[in-house]
Asker: 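Take a look at the following structure, please.
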Amino acid sequence: IYLWLLAPFYCFHLYCHDHGRIHVSNLCSAKMVLGFLLASFGFVEFFYILLERSQEIHQHMVFLLSPIIRSLTVILALCIIQLERVRGCRSSVFLFLFWVLAVICSLVPLRAKIQLALDEGIASDIVRYFAFFSYFTIQLAQLFLCCFADQPPEGKTNPCPVKDASFLSKILFWWFTGLVVKGYQINKLKRGPPALLPDQAQLLRKLQKEQSSGFFLLRTLARKFGPYFLTGTLCIIFHDAFMFAIPQVLSLLLDFMRDEDAPLWKGYFYATLMFLLSCLQSLFNHQYMYACFTVGMRVKTAVMGLVYRKVGDSVLNNNNKSFLSSLVINSIVNLVSADTQKLMDFVVYFNAVWLAPIEIALCLFFLWQHLGPSALAGIATVILIFPLNGFIAKKRSKLQEIQMKFMDGRIRLMNEILNGIKILKFYAWEKAFLEQVLGQREKELKALKKSQILYSISIASFNSSSFLIAFAMFGVYVMLDNRNVLDAQKVFVSMALINILKTPLSQLPFAISTSMQAMVSLRRLGKYLCSEELKVDNVSKAPLSSDGDDVVIKNGTFSWSAEGPPCLKRINVHIPQGSLVAVVGHVGSGKSSLLSAMLGETEKRSGRVTVKGSVAYVPQQAWIQNATVEDNIIFGREKLKTWYHRVLEACALLPDLDILPAGDATEIGEKGLNLSGGQKQRVSLARAVYRKADVYLLDDPLSAVDAHVGQHIFDKVIGPKGVLRDKTRILVTHGMSFLPQADHIFVLVDGEITESGSYQELLSRHGAFADFIHTFANTERKETGSRRSNARLSMVDFMPFSRDLSQEQLIGGDTTNTNLQNMEPVTDADEEQVPEDLGKLTVVDKARTGRVRLEMYKKYFKTIGLAIIIPIVFLYAFQQGASLAYNYWLSMWADDPVVNGTQIDTDLKLAVFGALGFAQGIAIFGTTVGISICGIIASRHLHMDLLINVLRSPMSFFECTPSGNLLNRFAKEIDAIDCMVPEGLKMMLSYVFKLMEVCIIVLLATPFAAVIILPLACLYAFVQSFYVATSCQLRRLEAVSRSPIYTHFNETVQGASVIRAFGEQPRFILQANKRVDFNQTSYFPRFVATRWLAVNLEFIGNGVVLAAAILSVMGKNTLSPGIVGLAVSHSLQVTGILSWIVRAWTDVENNIVSVERVNEYADTPKEASWTIEGSSLPLDWPQRGTLEFQDYGLQYRKGLELALKGITLNIHERERVGIVGRTGAGKSSLALGIFRILEAAKGKIFVDGVNIADIGLHDLRSRITIIPQDPVLFSGSLRMNLDPFDSYTDEEVWRSLELAHLKNFVSNLPDKLNHECTEGGENLSLGQRQLVCLARALLRKTKILVLDEATAAVDLETDTLIQSTIRTQFEDCTVLTIAHRLNTIMDYTRVIVMDKGHISEMDSPANLITKRGQFYRMCREARLV
């Protein structure tokens, strides 16, 4: 009937879903052959009846029809098999169920036939028997074959094993077993399933249309994933049906125990039925979880893609600085990590919101059947417990938001610290920032502690809920009427129902709070996804036409944000095609803003902007991706060999590539760490040139390169004879020497164009421009400063490879954990250097393998301390003891004999029962609070250690560790230690003790059960060990694949304007999707592993149920119903307990990995100590400011050549010394040596006669000052940026600002000194930031000042200001200037010329010029002589 009824629908379904043909396989042929055999049996039987029994036919027509119907049915099944093959269905649920039903229906005649054969003997009708038994066997064979999947359709392959699994294997997750076994040789696990990405662009467009909050996002997602979600819902409904059937069967079993003359088969039947129902319940439950997780994962992936796309369109399309600072990178990282996870949880638990109330109602209905009106007492208890939990959940979510806020703040701070770590080291500011981070952390933990205590109350009330409900119900039941007797059936069926009731009761608050959190996350995501983007009409793009202007701005007024003051006013620009236009002006006059306006990055208030053709953009601060040099230049286009070579040559990159270890295949670290400033700028320029765009916007690309290189680039690239001579070029520059060659010049003052025209025109007008030129005619030469990054030397001609790749690459010799990064055989161990590692810099976040080491647990528990742990374990034992006692008390009560229709001493029994239960409740509260507090103690210590370890690491560590990895430790891993580890421990301990209680009870009832429980326990341990290894490994893989997502996000946000200008958003979005996909491929197996484990475990648990029930039936005569009820109702809980234990255990294992990852940085090399106890340094040291180098040598990494060799040199007090030399001659290395950023390889440095190697780093660094190349500011007030320790008065701070020529600017700000700087000081121009760095130096006013090419980003006027300030304010100090503009040091007392790490010349500038050596040649190049 089943087959005939549903076949039409099924065929229609197959017709709609075509997956391609499947070739005829052995499996298919076997099914067909067996099918024909079955069909033929029917026909044979038909003819046999016709021949042998013709006389009986008239009475029994059915005998004749039955075989025919059977055969036709089998033939229909065969047709369906063929149809499935043609439509590419590899494993059929439909036919599987058909064969199951067929076998079940044959069981009854089978038993009858066997009975008959035993009574009469087989001989009587041997043919019929033989036919029937063969028929039955073939049916079983068909059922067996149905358990396997056919081969895939042609041309379709898939790395995911799910697709190859049969129906049965999918239900039981057996297809995963292979992976679990591989969990030991883990690397094969790298490729998981394909991720399932919906079309995000479409989703985003829908969202934008509606411009609404998160609810719309929800609706869009529901449309997309609804149908798949509903199949899960169907499973959970079936699961509920089976769940409620079990207590009914238990009731029948206890009836049977009471009934003296019930036949034994009934008992066995009930026992088996309970086992089957339990199994089915497990299966449906896990199918539901699997479906939900899959949907959840898809939702998460989709939303991650949306957020990234939005980064692509809003940070990417909204360089609106206020926007950037309010939604900084970190909160975006948070959206990606935390909020998408919340959404996923929501999908998984959403069904509980409406199902739980129905389950609760059903439970109470069945309880009413057993106990009558006293069931209402149970309802009353539930109603009391509920509001309490609801109230707690609400308070907790508030506390959680507070905690998240502090966490966001802490991560933001960390991000800045990591970005500005070099400055912190130079200024010895680590302590101030350490205090700030710890302050945030304390607030965060305070909120967490409150939240945890509240949570403990709700856990305690929940865990004792089953006792409270039972106590209320039984109490009322017994009190109402003396004749109300509690017998075994009433007690234990009620207890089983109450245990069922616990699940929805626990899920409901959790589901509601998850939904609440998901709503918050949805709102956050919705707000972010609908935040305003850059209006597309900011710039109207037009195709390139051969005549007219390429760039036109008419009456333009622009601002950085919709509300902010305009940054450009009354702008009118017409730029003819193919012209070279220069834009000049002072620091902060709006030059970069003008280019941003042309790119459409600013908010257009009024006017019109038109740009014709494609655009290429070179930003002022080069943005370099963490990729190879070649990838950075080609930037997503195909490589044209000859053109590529021309570009490299024009941008003067060829000599650099010769020195890089792997040429243009060298990997560049995050933010271009291992390139010097000039190299970064040239790579950035090469990227633009390679593009062959029509319009070039160049934001001061020549400021960061050496003078002769700048001239070369101008001639070869930008100038009238350069590669770009036919293109339209708009060049922002401070270099006066290039201006005569420009076709047109715009002069910007305070956001307005005051003059424009050609060089000669402007000079003849005698306006501002002419003054500007005359003022600097004497100081300006061809020298434009260079902003080389000072922690690394640039390329050195004589070295076999770059020593830029940071110093200690083989960190602590731990070769397993970092890439082998030595580029040459330094030691014998490195001889087998793998060539493709050449040029690798960043240490990839590696996954460790195998189980978590015991040390991690030891470390974790050691941080807490034994004094707290032991009492907690005792409390647990006490809590379970109380539970065991009150359960046993109940069974004794149930077995109490009934005298005259009543039981005696009911009050006493009730009182004892109550006392035991309440004792348990109090113990539960104690344990949960205890563990939460332990968790907080541990995480406080671990975070502190991590923070101190990171801050105490040398610079080399930060150069080879991507900030994404470090941030991941501070965000995700610390979060796991805060919340997940204590949660897991709580669960695990409580369930382990619970399991012990159940085993004790089952053994008390039927000691013989030990025979079954022991092997099951071994099997359990075996499965568990397999799983834990795999699960841990998967989690590590997942964590490792997560870091790149964040690193990529970070990179995108920083390079947003470049990515947009080049129109590369689609490529970056694709890259992000790939990374998210790869992350999901490790995530998917992780949750399937959980399902695999749970299904297998629950079968073990159901085995315990079967054992308890069957042994009880066997011991029917000796056992009392009370004990049987106790044993069986407890054994029903085993499945749940087992899966929870493993789940909790793996949670702990998986999250302890976080302790391992946080601990990784404890063993990396550290700097010398910050301060030395009892050091006798006088407070005003250094008083004179003398410096003495004695045979000083320095190397970047052990085993490399020395970067400075045998430097011997005396610098007297108040002397001003200039240090010059070609790129890579060792100038910056001197500064690094003085500040001990790199320790001496040989020799010594004395400051005022004190060997600097003997004093603490902070003592040294806080007493000398550097003005570094890259001006770094931190978010916080301006005052904090100048004086983080608050050690100076406001007057002193104002004085330093005045001397740094910032007083006017700051006093015009609304908040003056408290003006908030955004992250990285983005809301000040580069020149202003440079002046802030000068103010820092003026404020500290130490006796030794090191200037590291600090004049690169500043226009000439500001440069003169800085130079004169330094001359006047630091005249009684020793000044060392690492100079690129030689004119700045011509009046110094001495000049040191460095060459290849040696001092090649040293004397006063005048003497050096007369010697006609290297210095003279440099001066001649700079046209100073």
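Position 1 is the first residue of the sequence, and the numbers go up from there.
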Asker: Just to verify, which of Leu1230, Leu1238, Ile1237 counts as forming a side-chain contact (heavy atoms from CB on, under 4.5 Å) with Leu1194?
Answerer: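 Passing option: Leu1238.
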Asker: How about Asp1259 and Thr1171: does a side-chain donor come under 3.5 Å of a side-chain acceptor?
Answerer: no
Asker: I'd like to check the ring-ring contact (aromatic ring centres under 6.0 Å, His included) partners of Phe1370; sequence neighbours left out, ordered by chain and number.
Answerer: none
Asker: Side chains of Asp1283 and Ser1287 only: does a donor on one sit below 3.5 Å from an acceptor on the other?
Answerer: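 Indeed, the side chains of Asp1283 and Ser1287 share at least one donor-acceptor pair under 3.5 Å.
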Asker: For Leu947 and Phe970, run side chain to side chain contact (heavy atoms under 4.5 Å, CB included): C-alpha distance rounded to whole Å, both residues' side-chain angles, the deciding distance at 0.1 Å, then the answer.
Answerer: CA-CA 8 Å; Leu947 185 60; Phe970 278 103; 3.9 Å; yes
Asker: With a 4.5 Å limit on heavy-atom distance, are the side chains of Ile423 and Arg1336 in contact?
Answerer: yes
Asker: What is the distance from atom OG of Ser953 to atom OH of Tyr1161, rounded to the nearest 0.5 Å?
Answerer: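 One gets 9.0 Å once the value is rounded to the nearest 0.5 Å.
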Asker: Within the supplied structure, the quantity of interest is the number of heavy atoms (other residues, nucleotides, ligands) at a distance under 6.0 Å from Asp750 CG; does it exceed 12?
Answerer: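 Counting neighbours around CG of Asp750, 12 or fewer heavy atoms of other residues, nucleotides or ligands fall under 6.0 Å, so no.
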Asker: Apply side chain to side chain contact (heavy atoms under 4.5 Å, CB included) to Arg1261 and Tyr427, showing your working.
Answerer: CA-CA 6 Å; Arg1261 293 172 185 169; Tyr427 288 132; over 6 Å; no
Asker: Are Asn419 and Phe1274 side-chain neighbours, meaning at least one heavy-atom pair lies under 4.5 Å?
Answerer: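 A side-chain contact is absent here, since even the closest heavy-atom pair is not under 4.5 Å.
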Asker: Could you walk me through whether Lys431 and Trp1170 pass the side chain to side chain contact (heavy atoms under 4.5 Å, CB included) test, one step at a time?
Answerer: CA-CA 10 Å; Lys431 281 209 181 106; Trp1170 285 342; 4.2 Å; yes
Asker: Out of curiosity, Ile1344 CD1 to Phe1235 CZ, how far, rounded to the nearest 0.5 Å?
Answerer: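 Rounded to the nearest 0.5 Å, the CD1-CZ separation comes to 8.5 Å.
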Asker: So do Leu1345 and Thr1374 actually touch side chain to side chain, heavy atoms under 4.5 Å?
Answerer: no
Asker: By the definition side-chain contact (heavy atoms from CB on, under 4.5 Å), identify the one residue from Ile1252, Val1217, Val1247 that meets it with Leu1187.
Answerer: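 The option that passes is Val1247.
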Asker: Give, for atom OG of Ser596 and atom OH of Tyr617, the distance between the pair rounded to the nearest 0.5 Å.
Answerer: 5.0 Å
Asker: Does the side chain of Thr1265 come under 3.5 Å of the side chain of Thr1342 through a donor N or O and an acceptor N or O?
Answerer: yes
Asker: Quick one: list whatever passes salt bridge (charged side-chain N to carboxylate O under 4.0 Å, His left out) with Arg952, sequence neighbours left out.
Answerer: none
Asker: Please report the interatomic distance CG(Leu1339) to CG(Leu1282), rounded to the nearest 0.5 Å.
Answerer: 6.5 Å
Asker: Can you measure from CG (Leu1260) to CD1 (Ile1255) and round to the nearest 0.5 angstrom?
Answerer: 4.5 Å
Asker: Any carboxylate oxygen within less than 4.0 angstrom of a Lys/Arg side-chain nitrogen, looking at Glu1292 and Arg1295?
Answerer: no
Asker: Tell me whether Lys425 is salt-bridged to Glu1167, with the criterion being a basic N under 4.0 Å from an acidic carboxylate O.
Answerer: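 Looking at Glu1167 together with Lys425, the answer is yes, because their closest N to O distance falls below 4.0 Å.
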Asker: Is it the case that Arg1279 and Asn1314 place a side-chain donor and acceptor less than 3.5 Å from each other?
Answerer: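 Short answer, no.
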Asker: If we only count heavy atoms from C-beta on, is the Lys405 to Lys443 side-chain gap below 4.5 Å?
Answerer: no
Asker: Let's go through Arg410 and Ile974 carefully: what are the C-alpha distance in whole Å and the side-chain angles of both, what is the deciding distance for side chain to side chain contact (heavy atoms under 4.5 Å, CB included) to 0.1 Å, and is it a yes or a no?
Answerer: CA-CA 12 Å; Arg410 175 172 62 88; Ile974 287 289; 3.9 Å; yes
Asker: Measuring only between side-chain heavy atoms, which start at C-beta, is Val583 closer than 4.5 Å to Leu731?
Answerer: no
Asker: Show every ring pair (Phe, Tyr, Trp, His ring centres under 6.0 Å) that has at least one partner inside residues 1312-1334, sequence neighbours left out.
Answerer: none
